[in-house]
Each structure stands twice: as C-alpha cells, then as structure tokens.
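In what follows, a single structure is set out as structure tokens and then discussed.
Each chain gets a letter, A, B and so on, in the order its sequence line appears, and its residues count up from 1. What you see is a predicted model; the values in this text were computed from it and never measured.
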Amino acid sequence: MVSTTLHHHPPRSLSRFLSCSTKSRSFHSKPTQCSSQPITDQPPSSTSSPPQSQILSIRHSLLSRHVTATQLAESYLTRLKLTEPHLKSFLHVSDQVLNEAQSLDLQIERNENIGPLAGVLVGVKDNICTMDMPSTAGSKVLENYRPPFDATAVKRFKESGAIVVGKTNLDEFGMGSTTEASAFQVTANPWDVSRVPGGSSGGSAAAVSAGQCVVSLGSDTGGSVRQPASFCGVVGLKPTYGRVSRYGLMAYASSLDVIGCFGSSVADAGILLTAISGYDRLDATSSKRAVPDYTSQFISTELLDSKPLKGLKIGLIRETLGNGVDIGIKSAVLGAVSHLEELGCTLSEVSLPSFSLGLPAYYILASSESSSNLSRYDGVRYGNQATADELNALYGDSRATGFGPEVKMRILMGTYGLSAGYYDAYYKRAQQVRTLIQKSFKNALDEYDILISPAAPSAAYKIGEKKNDPLAMYAGDIMTVNVNLAGLPALVLPCGFVEGGAAGLPVGLQMIGAAFDEEKLLRVGHIFEQTLQGCRFIPPLIADCNAT
Amino acid sequence: MRNGIEAAEYAAEVQRVVRYLGVSNGNMQEGSLRCDVNVSIRPVGQSEFGTKVEIKNLNSFSSVSRAIDFEIERQALLHSQGQGDQIFQETRLWEEGSQKTVTMRKKEGLSDYRYFPEPDLPEVILTEEYVDSIQGSLPELPEAKRRRFEKMGLSMQDVLFLANDINVAQFFDSTIELGADVKLAANWIMSDIAAYMKNERLSIDEVKLTPEELAELIASIKSGTISGKIGKEILFELLAKGGTVKGIIKEKDLVQIVDPSEIEKMVDKVLSENPKQLEQYRGGKTKLEGFFAGQVMKISKGKANPGLLNKILLKKLNAKS
C-alpha cells in the first residue's frame with residue numbers, strides 16, 4: 001500500500017464542471033406547466049444554499065401547525081403523478097397515503113406524540129416486502145404476490161410515523177445496473193429522461209431525485225444503492241452488513257445484500273438509517289451492536305470551525321482513477337478532494353492490492369448464492385404458476401416464463417460455479433479473493449479514517465446503450481463491489497457534474513468507512529455537503545415543476 | 001466393527017444414550033434413529049480396505065445385524081468364486097421380506113448437491129463455560145451405570161436389565177439409597193414389578209409404587225413384620241393403587257403372626273377339625289402336611305409365619321397321640 005500526497009490540477013476546459021465552489025449559475029424558469037423537456041440551454045438553479053433535511057423541516061412544519069400531513073402528502077402525490085409518465089419510478093402507488101396522513105393529522109390535533117419520521121413519504125424498492133401491497137421484485141414470477149408481512153425495516157420506519165407512498169422499480173431481483181432488466185418498465189433519470197437512473201435501485205433513486213417522495217429504501221448487493229445515487233444526484237447510504245435487518249428483503253446474495261437509504265441530504269439518509277437499524281431476531285446475521293443516534297452528527301454549519309475536518313485522514317483509492325474512468329468523473333472527484341482539503345482533511349493516495357479482482361469474485365459469489373436463493377420461486381409457494389401435466393415441467397415452465405434473461409443467466413452462472421468439479425476453481429477461489437480484499441480494506445482503514453473513490457466510472461448513460469453488452473455493464477460495478485465483499489459502510493453524495501443532458505449530469509463521491517462507522521461517514525458527508533457552495537442537485541425537470 | 005451383532009449392539013447403545021439424555025426416543029421404527037451401514041471385506045493380512053457397499057432401508061436393530069451378516073457372506077462368496085471385481089461401490093437396499101440386499105435402481109450420474117457454506121446462518125460460538133455446563137448437567141450414562149451396578153455385586157443379567165432404562169435405574173437407585181437390600185430390590189424390580197409393567201403396558205414412572213414404599217416393603221419383610229407372600233400381595237396393591245405399606249398392613253390387618261402360642265392354637269384347631277386326614281398322615285401319608293399347612297394359613301388369613309408354622313405343625317403331627 002503506497003501513500004503519496006496529491007498534486008493534481010484538473011484540465012481547464014472542464015473547470016465549469018468541477019466542485020461548484022466558485023461558480024454560480026443563473027436560473028431561467030419556464031413559467032408554464034412542467035413539460036417533459038428539461039431546460040435546454042440553461043444550467044440548473046443555484047441558490048447557494050445546501051440541502052436542508054426535509055424530514056426535520058416536515059416535522060417542524062407539522063408541529064408548528066404550519067402545514068398538515070394531508071396537505072404535505074397531497075403536494076407530493078401531485079408531483080408524483082405529474083412526473084410519473086416521464087419517469088416511471090413506481091410499480092405501485094399506495095391508495096392509503098391520504099388516509100394515513102389524515103390519521104396522523106388527528107393525532108397531531110390531539111397533541112399526541114408523533115414519531116421522528118411522522119408524515120414522511122417513503123418509497124420502498126419492490127424487492128422489500130410490504131404488507132398487502134404488491135411486492136414483485138420487478139419480476140413476472142411474483143407479479144401478483146402480496147406479502148402477508150412487512151419487512152422489518154419497513155415496520156420500523158412505519159413505527160416512526162412514516163408513510164409508504166409506493167413500491168419503486170428495480171432490475172429484476174436486484175440483478176442489474178439500470179432498471180432495464182425490470183420485467184415491467186424502465187425508469188428514466190430525472191436529469192435526462194433518455195438516460196438510465198442506475199440500478200438496481202433505480203426507481204428509489206429517481207423518486208427521491210424528482211421529489212416524488214421524501215426518502216426511499218433500496219438494496220445494495222454490489223452497488224445498487226450507490227451507483228443510482230451517483231447517477232441521480234442524490235445521497236445513497238449503504239450500511240455495514242448486519243446493521244439493518246434483511247428480514248423481508250427478497251434475497252439475492254445473502255452474504256452481500258443490505259438495505260440502504262436514499263435522501264436528498266445526508267441528514268435525511270442518516271435519520272432514516274437510525275429508524276431502521278438494529279438487531280432483529282428474525283435475521284440471524286443482524287448485528288447486536290447498539291444503534292447510535294446517527295442524527296446527532298448533523299451539526300449546523302454556523303457551529304463549525306473554519307477547518308472542521310482537521311485531523312481527518314482520507315485515502316483516495318488509486319485503482320479507482322485509472323483507465324476506464326471518464327475524465328469528467330476524475331475531475332469531479334478531484335474537485336471533491338480539493339474541497340475536503342479546504343475543510344482541513346489530509347488527503348493521500350492509497351493503493352489497494354487485489355482491488356481489480358473484486359469484480360470477478362463478486363460475480364461468482366453473488367451468482368452462486370443467487371442460484372440457491374432463487375430456487376424458492378417454483379411457481380408453487382408464491383407467484384405465478386405455469387400449467388403443466390407433470391411436476392418437473394411445472395417447476396421448469398413457471399421459472400422459464402417467470403424469470404427474465406438476466407436472472408436466468410446469473411442462476412446458470414451460479415449453478416455452474418458451484419457444480420462438482422468447478423467449485424474449487426470458482427466459488428472457493430472467489431472466497432479466497434474475498435478474504436484478501438477484506439484484509440486490504442482493513443489495513444487501509446487502520447491508517448485512514450475514510451477511503452474515497454468515484455461511485456461509478458461514468459455518469460448516467462443512455463437507455464439501451466449497455467443492454468446488449470452485459471460484461472460492459474458489469475464493469476460499471478468496479479467501484480462498488482469490493483465494499484460489499486468487505487461488508488463495509490459507504491456513503492455516496494453528489495459532488496459535481498459532467499457534461500450531458502440539458503443541465504449536466506450529476507457525479508457522486510463514494511466515502512467508505514470502517515465497519516459500523518456510519519457515524520463518521522455521516523458527519524464528514526454532512527459537513528462536505530453543507531459547505532459545498534453554489535450547487536443545487538435538483539434536476540431541471542423538477543426545477544420546472546417547483547417553479548410553477 | 002466386525003459383524004452384525006456388534007453393530008446392532010452399538011446402535012442399541014446409541015439408542016440407550018439418547019434416551020438417557022432425553023434428546024430423542026431413539027425409535028428406529030419411527031425414524032427417530034436411522035442407520036445406514038457400509039460393509040467391505042478384505043483378505044486376512046491385507047491392509048488396504050476392499051470396496052465398500054452401502055446398505056439402506058434398515059428399520060430395526062435386528063435388520064442391521066442380519067443385513068450386515070448377509071452382505072459379508074455375499075461379498076465373501078463372490079471373492080471365493082474369483083468374482084471379487086463384481087463387488088461395486090454402490091448403495092444396496094435391505095429387503096426385509098426376502099432377507100437380502102439388492103441393488104438400488106441405477107441413478108443417472110453422480111448427485112451434485114452444489115453445497116456451499118450457508119451465509120444466512122452465522123457461526124455458532126460454543127464457549128468453554130457452555131460446554132462445561134453441558135458436561136456438568138449430563139446424567140450418569142449407561143456405561144458408567146453398568147460399571148457401578150456391577151460393583152454392587154449384581155449379576156450381569158441384573159445389571160443389563162436395570163441399566164437399560166434410565167427411569168428404572170433411577171427407581172432402583174432411589175430404593176437402595178433408602179437402605180433397601182441391593183439384591184432384593186433388584187429382584188423385586190426385575191420380576192414382579194417388570195411383569196406388572198408389561199401386562200399393564202406402563203412405564204415405571206406410571207406405576208403408583210414409589211421407591212420409598214418398595215424400600216419399606218423390603219424392610220418389612222426382612223424384619224419379619226410381614227411374610228414374603230403377603231409382601232407380594234401388598235406390592236400388587238401398591239403398584240395398582242398406590243398407598244403406603246404401613247397403611248395397607250394396618251388396613252388389611254396383615255401383620256405376620258410370629259407368636260408361637262398363637263400358631264399352636266391354630267394348628268391344634270386344624271388338627272382337631274380334620275381327624276381323618278390326621279389319621280391318614282400318621283398312617284404314612286406324609287404328603288398331607290401341605291394340606292394342614294394350607295389350612296392353618298387359611299385360618300390365619302395368610303399371616304402365619306411360614307417357618308414357624310411348619311416347625312410347630314411338624315412337631316404336632318409327629319407327636320404321638
């Protein structure tokens with residue numbers, strides 16, 4: 001592992017897409033209704049003020065009787081309905097939202113205590129079970145499935161007063177990076193509807209980006225929260241493996257899956273994490289470690305020193321800035337590096353040996369585990385059943401017609417990698433690589449407080465661009481999979497833009513922490529976000545809506 | 001192991017142990033204990049093992065024993081005919097009806113289970129304290145119990161019977177802890193009590209007799225308070241209805257008569273009431289002693305001490321006039 005001090009000045013021509021600290025932009029709005037065409041010539045709004053916690057401001061508004069939960073819900077639902085035809089983030093919108101908001105209003109009227117997430121509308125990725133609402137995992141095999149229970153994470157945020165607004169679109173069973181592998185629809189990126197929102201939690205990321213809900217839940221097995229967060233310009237938080245119960249998350253790869261949070265600010269992601277974290281006896285892999293109050297990390301900027309991150313040692317992972325990473329991404333990340341240095345951090349480059357081996361190891365392990373986890377979809381227990389004269393044909397046909405091609409490919413890959421004669425060469429080898437990767441992260445995090453990298457090698461690409469080249473699509477996971485292999489927490493937050501679309505495309509910075517060190521990530525992320533001048537990460541589509 | 005009976009005894013001991021521990025009823029017929037065996041043979045002197053054959057479908061200890069012996073013979077026969085290569089590594093089924101092993105239907109190819117370590121189940125960590133606490137909570141296992149019973153001077157038959165069921169062993173131990181004679185306690189349990197349990201299909205926990213009362217019964221017979229015969233009757237009542245020895249003795253007035261003068265009176269009465277038989281006896285029919293003894297027992301309601309009765313009766317019978 002090598003550390004060097006960073007001396008890098010980004011090319012001039014791209015300066016307007018660097019960290020926004022010096023650039024302010026002007027805003028021209030269209031005074032009429034929100035159209036499907038984003039503003040073509042003008043960059044997005046800049047008011048220089050960083051994002052505030054919507055959860056906290058909702059709570060404040062409700063308690064001060066400034067607005068009712070019903071009014072709030074109505075305004076989100078209106079925006080949702082207006083934008084859905086263009087975005088298709090949702091597979092199902094709840095018809096109970098206003099009822100629940102009205103119940104909450106009654107409680108408020110009666111001066112009863114309300115939970116920390118009261119009135120907050122949450123989008124839930126459709127591979128997370130919600131009682132009495134369809135939960136399809138984006139697959140025909142579960143097309144009409146309604147679970148009789150809520151996932152623990154859902155149960156917990158409901159107990160905090162939040163309302164499920166609907167189920168968001170995803171690549172089938174979490175297998176994909178764009179939502180193009182959903183059996184039902186493709187979600188569009190609110191920054192440019194001809195582009196993908198990322199995946200597999202594309203729907204959840206787009207929904208938060210477009211203001212269709214306040215926060216959302218996703219799942220992250222190889223980057224499925226972090227990459228869409230980067231593509232959509234929102235905050236994505238992947239907790240440590242075991243921090244949040246997986247009970248009710250339809251399993252893809254049990255040793256890698258986690259439930260993660262999307263928000264429009266670091267604070268919102270942290271508040272949601274606090275609500276859903278903690279030991280669950282229904283998930284034997286959930287951690288018994290106490291859950292700190294992650295919300296206590298969010299200090300107001302007025303109270304910060306001039307160098308609030310002084311003493312913090314940050315390692316920039318060298319292997320994530322090499323070939324194959326777009327220049328625009330590198331610039332944006334280096335801009336973030338400058339910003340962090342301004343805040344007082346010490347930044348060095350760090351090399352993680354075996355970094356590049358993570359991608360093939362991940363695909364072997366994840367597909368192997370998925371070949372076992374998806375064997376339960378037999379057309380008998382739940383979901384659609386094919387008609388057949390004989391049992392094996394029933395199983396075979398139900399799965400053949402129910403699963404999409406990407407899912408089938410991964411099941412076959414996984415089965416192959418586990419089969420007699422190949423187990424040692426593939427699965428066992430991949431596990432050994434996994435151990436190496438865990439060790440190299442641990443060594444790095446013994447020396448550095450946080451490691452940083454881009455969240456993806458490019459910004460959002462066009463819908464259809466990578467669909468026929470699965471390996472190219474898989475290659476996009478290079479920045480994220482190692483974190484899942486090591487079970488570590490990571491936070492992605494928007495740090496800049498690259499060219500593309502009407503108003504530029506957002507770029508996310510990934511911050512990786514030691515196991516169960518979400519507090520540090522949130523603290524650093526919050527300060528970074530709050531001191532990032534001159535950028536607002538609001539897609540033009542929505543800026544239009546908000547302006548009307 | 002070398003033969004069928006060894007394996008069957010081993011399986012039976014496993015059953016005994018799991019029953020002792022209370023972790024299973026170990027019933028092969030119910031599938032609570034399952035047994036597959038692997039059999040191979042090799043010429044004496046060869047260190048390399050022969051081809052092993054697996055046998056399934058064994059549903060009792062005796063079928064374990066017979067299947068193994070059959071398979072040993074089958075393989076030995078093939079060897080002796082120079083057809084040792086006809087022994088394949090395969091799974092055979094034991095057919096209870098025809099009492100032989102047969103090839104299972106041939107399967108297409110090797111079973112590929114594609115096992116990998118289950119990620120949803122984290123490691124289970126067993127601390128030293130935990131293991132020690134389990135060790136400390138184990139009951140005395142069959143082998144230890146048998147050795148202990150042996151040391152008490154019981155015969156192997158007694159030892160095997162008493163140690164077979166942990167509840168019976170416990171009953172026995174409780175009885176002798178109260179001071180009862182070891183051999184007598186063993187006898188009562190193995191004969192009368194076991195017979196009752198078998199007839200009524202009850203376990204020793206279900207009979208109404210308690211170890212305390214068995215000990216009391218043994219003591220009462222030993223002290224001469226009651227006769228052995230009366231003891232058997234009392235035992236039956238205790239088994240069926242419970243109660244105490246003292247209580248039953250009192251209730252039914254069963255105290256043994258040991259006063260010689262009382263017995264003498266009864267003997268005199270019987271002899272005087274049966275002059276014809278007396279004459280016959282004195283005439284040489286000595287077998288009639290049993291008749292008189294029976295009659296005395298009858299009027300004593302079984303309470304006459306048999307030893308004393310016989311002594312006094314003989315004396316009277318053999319006295320002239």
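Neither the backbone nor the side chain of A/Y416 has a heavy atom closer than 4.5 Å to any heavy atom of chain B. With a 4.5 angstrom heavy-atom cutoff, A/S368 touches chain B only via backbone atoms. If you measure heavy-atom distances from A/E369 to chain B, the contacts under 4.5 Å come from both the backbone and the side chain.
Taking 4.0 Å as the cut-off between side-chain N and carboxylate O, B/E54 and B/K56 count as a salt-bridged pair. For the pair B/R146 and B/E150, the salt-bridge criterion is not met [side-chain N within less than 4.0 Å of a carboxylate O]. Between B/E96 and B/R66 there is a salt bridge, since a side-chain N of the basic residue sits under 4.0 Å from a carboxylate O of the acidic one.
Applying the side-chain hydrogen bond (donor to acceptor under 3.5 Å, both in side chains) rule to B/S32 yields the partners B/N25; only residues at least two apart in sequence or on another chain are considered. Applying the side chain to side chain contact (heavy atoms under 4.5 Å, CB included) criterion to B/D132, with sequence neighbours excluded, gives B/E128. For A/D220, the salt bridge (Lys or Arg N to Asp or Glu O under 4.0 Å) criterion is met by A/R226, not counting sequence neighbours.
Contacts between residues 114-127 of chain B and chain A, counted as heavy-atom pairs separated by less than 4.5 Å, involve B/R114, B/Y115, B/F116, B/P117, B/P119, B/D120, B/P122.
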### Task
Go through the steps for B/R148 and B/D173 under the test salt bridge (charged side-chain N to carboxylate O under 4.0 Å, His left out), then give the verdict.
CA-CA 11 Å; B/R148 183 165 62 82; B/D173 273 330; 2.6 Å; yes

